[in-house]
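In each ligand, atom 1 is the first atom listed, and ligand 1 is the first ligand listed.
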Amino acid sequence: MSFIINLVNEKLHFPCEANETVLDAALKQGVALSYGCKNGLCGSCKGQLISGQISYADGQPDGISNEEVRDGDVLFCKAIPLSDLSIRVKVVRQDQVIQVKKLPARVKQVTHLSDDVIRLILQLPAIEPFNFKAGQWINFILKDGKKRAFSIANAPNEQNELELQIRHALGGVFTDYVFNNMQVGAVLQIEGPHGTFYYQQDENAILLVAGGTGFAPIKGILEQVLENKPDYPIHLFWGLRTEKDLYLQDLIKQWTDQHGIQYTPVLSEPGENHQWDGKTGYVHEAVLQQYPKLSEFSVYMAGPPQMIESCKKAFTAAGLDDNRLYYDSFDYSTDALDAMKQKA
Ligand SMILES: Cc1cc2nc3c(=O)[nH]c(=O)nc-3n(C[C@H](O)[C@H](O)[C@H](O)COP(=O)(O)OP(=O)(O)OC[C@H]3O[C@@H](n4cnc5c(N)ncnc54)[C@H](O)[C@@H]3O)c2cc1C
């Protein structure tokens, strides 16, 4: 049995099977609904149910509050239709539907960028093209079928390589393996690309806001933007705990020297008696100190969920148009979050 989903803000409709999520049905039809984690956590796919009924197969997702449910908000990555639906939800520009593939990837290079961040260069098979847009993410498929999401840190290149920047989540299944056992030459299974966090070509002044390894997709997006020699201002803010967490500063210096990119690192825990003479505090506060009004900007941001939530609230309150706020929230895997909930 299938239902019709009416997307009122785009004046288009598409079919959706009774056991399929609205997001999966849309993507299958080439309708690029905005989405991020696909796990009901990050809120990128949140929209409004105007008429009809939905259910959530695994119960109400953590990324939506009771108040939002009462107001008719829905997370379409987890919503399954119980009837025909009329909905309103953000759609991103997408000139082509990108095929999601499962591929083996060989670890070509491992570099320690800081105490708890490793850069992996993965070599993809030469005969199997892997199309993606800078800023998208992939899943690593583990031996037991569990999946772990990581952002691609480079723009597409002819070498068929992917760069990842991986922070050690202590006690985490995959990153423990990466930091303790993985060798150059290892073959990992990947699936992707996923997500709609990529450059939207809207040509406003751009603020790029990264938290920790949220720098990875921001780097990919910026590399792609720079290829087009942009004539609009771009300012990168990067929030980290301490000065020793900063990495790839030489690359950023090239961007500032050669392309006029503005750069502000912001430390939240610089430590007592620190020598740091740059910005301190939370990254969203540093953004608003410099740009109290955001109505003229597009903002691209990625990082831990707490940072994304603070930025969303603060930036929209400062006049940023919600349609020009693009983000990926680096939530932990759902199996780790479920295990933590059970323990609590
Ligand atoms: C779209 C997206 C893109 C991402 N991109 C990146 C990226 O580019 N770089 C990056 O570094 N991260 C990124 N992440 C975050 C990354 O996917 C998570 O940190 C992931 O969970 C790490 O996998 P893991 O197997 O090492 O840890 P997991 O096994 O998922 O564990 C995560 C944490 O939970 C704890 N935990 C697990 N089980 C329990 C339990 N039973 N009780 C208590 N604690 C427990 C672990 O100790 C660990 O600290 C991204 C996330 C998303 C959603």
Need the ligand 1 atom indices (1-based, order shown) with element for anything under 4.0 Å from a heavy-atom of Ile166.
11 (O)
Residues Gln165 and Glu163: side-chain donor-acceptor under 3.5 angstrom
yes
Backbone or side chain, does any N or O of Ser333 fall under 3.5 Å from an N or O of ligand 1?
yes
With sequence neighbours left out, write down each residue that passes side-chain contact (heavy atoms from CB on, under 4.5 Å) with Glu243, or none if nothing qualifies.
Leu246, Leu267, Trp276
So is there a nitrogen or oxygen of Phe330 less than 3.5 Å from a nitrogen or oxygen in ligand 1?
no
Do the side chain of Asn9 and the main chain of Val89 share a donor and acceptor less than 3.5 angstrom apart?
yes
Honestly curious: do Leu33 and Leu75 fall in one hydrophobic cluster under the side-chain, below-4.5 Å linking rule?
yes
Evaluate whether atom NE2 of His13 has more than 12 neighbouring non-hydrogen atoms of other residues, nucleotides or ligands under 6.0 angstrom away.
no
What residue and heavy atom of the protein are closest to atom 8 (O) of ligand 1, and at what distance?
Ser151 N, 3.1 Å
More than 12 foreign heavy atoms under 6.0 Å from OH of Tyr282: is that the case here?
no
Can you tell which of Lys341, His194, Met340, Gln165 gets a heavy atom nearest to atom 44 (N) of ligand 1?
Met340
Would you kindly confirm whether Ile64 and Ile80 end up in one hydrophobic cluster when ILVMFWY residues are joined by side chain heavy atoms under 4.5 Å apart?
no
Before accepting this row, confirm whether a basic side-chain N of the pair Asp116/Lys244 lies closer than 4.0 Å to the acidic partner's carboxylate O.
no
If we set the cut-off at 4.0 Å for heavy atoms, which region of Ser329 has an atom near ligand 1: side chain, backbone, both, or neither?
backbone
Identify which of Gly195, Ala216, Ala336 has a heavy atom lying nearest to atom 38 (N) of ligand 1.
Ala336
Please say whether Ala149 places an N or O atom under 3.5 Å from an N or O atom belonging to ligand 1.
yes
To the nearest 0.1 Å, how far is atom 27 (O) of ligand 1 from its closest protein heavy atom, and which atom is that?
Gly172 CA, 3.1 Å
Say whether Leu170, considering both its backbone and side-chain N or O atoms, lies within less than 3.5 Å of an N or O atom on ligand 1.
yes
With Leu85 as reference, evaluate Leu7, Ile4, Leu49, Val74 under the side chain to side chain contact (heavy atoms under 4.5 Å, CB included) test and give the passing residue.
Leu49
Counting from 1, what ligand 1 atoms have a heavy atom of Gly171 closer than 4.0 Å?
46 (C), 47 (O)
With atoms numbered from 1 as shown, which atoms in ligand 1 lie under 4.0 angstrom from a non-hydrogen atom of Thr175?
24 (P), 26 (O)
At less than 4.0 angstrom from any non-hydrogen atom of Lys343, what atoms of ligand 1 do you find?
40 (C), 41 (N), 42 (N)
Only counting residues at least two apart or in another chain, list the ones meeting side-chain contact (heavy atoms from CB on, under 4.5 Å) with Ile50.
Val8, Ser86, Arg88
Out of Thr334, Leu164, Asp331, the nearest non-hydrogen contact to atom 51 (C) of ligand 1 is supplied by Asp331
Decide, yes or no, whether a salt bridge links Asp322 with Lys312 under the criterion of side-chain N to carboxylate O below 4.0 Å.
no
Please determine if Asp176 has a nitrogen or oxygen closer than 3.5 Å to a nitrogen or oxygen of ligand 1.
no
Can you establish whether the number of heavy atoms outside Gln290 located under 6.0 Å from its atom CD is more than 12?
yes
Main-chain N/O of Gln53 paired with Ser83 side-chain donor or acceptor, under 3.5 Å:
yes
Trp137 N/O to ligand 1 N/O under 3.5 Å:
no
Taking everything shown except Asp144 itself, do over 12 heavy atoms lie less than 6.0 Å from its CG?
yes
Residue, atom and distance of the protein heavy atom nearest atom 32 (C) of ligand 1 read Tyr332 CD2, 3.5 Å
With a 4.0 Å cut-off on heavy atoms, is Ala302 touching ligand 1?
no
What protein heavy atom sits nearest atom 25 (O) of ligand 1, and how far away is it?
Arg148 NE, 2.5 Å
When distances are taken from atom 10 (C) of ligand 1, the protein heavy atom at minimum range is Thr213 OG1, 3.3 Å
Quick check on contacts: which atoms of ligand 1 are under 4.0 angstrom from a heavy atom of Arg167?
10 (C), 11 (O)
Shortest protein heavy-atom distance from atom 41 (N) of ligand 1, along with the residue and atom involved:
Ala339 CB, 3.2 Å
Among all protein heavy atoms in this structure, tell me which lies nearest to atom 12 (N) of ligand 1, with the distance rounded to 0.1 Å.
Phe150 CE2, 3.5 Å
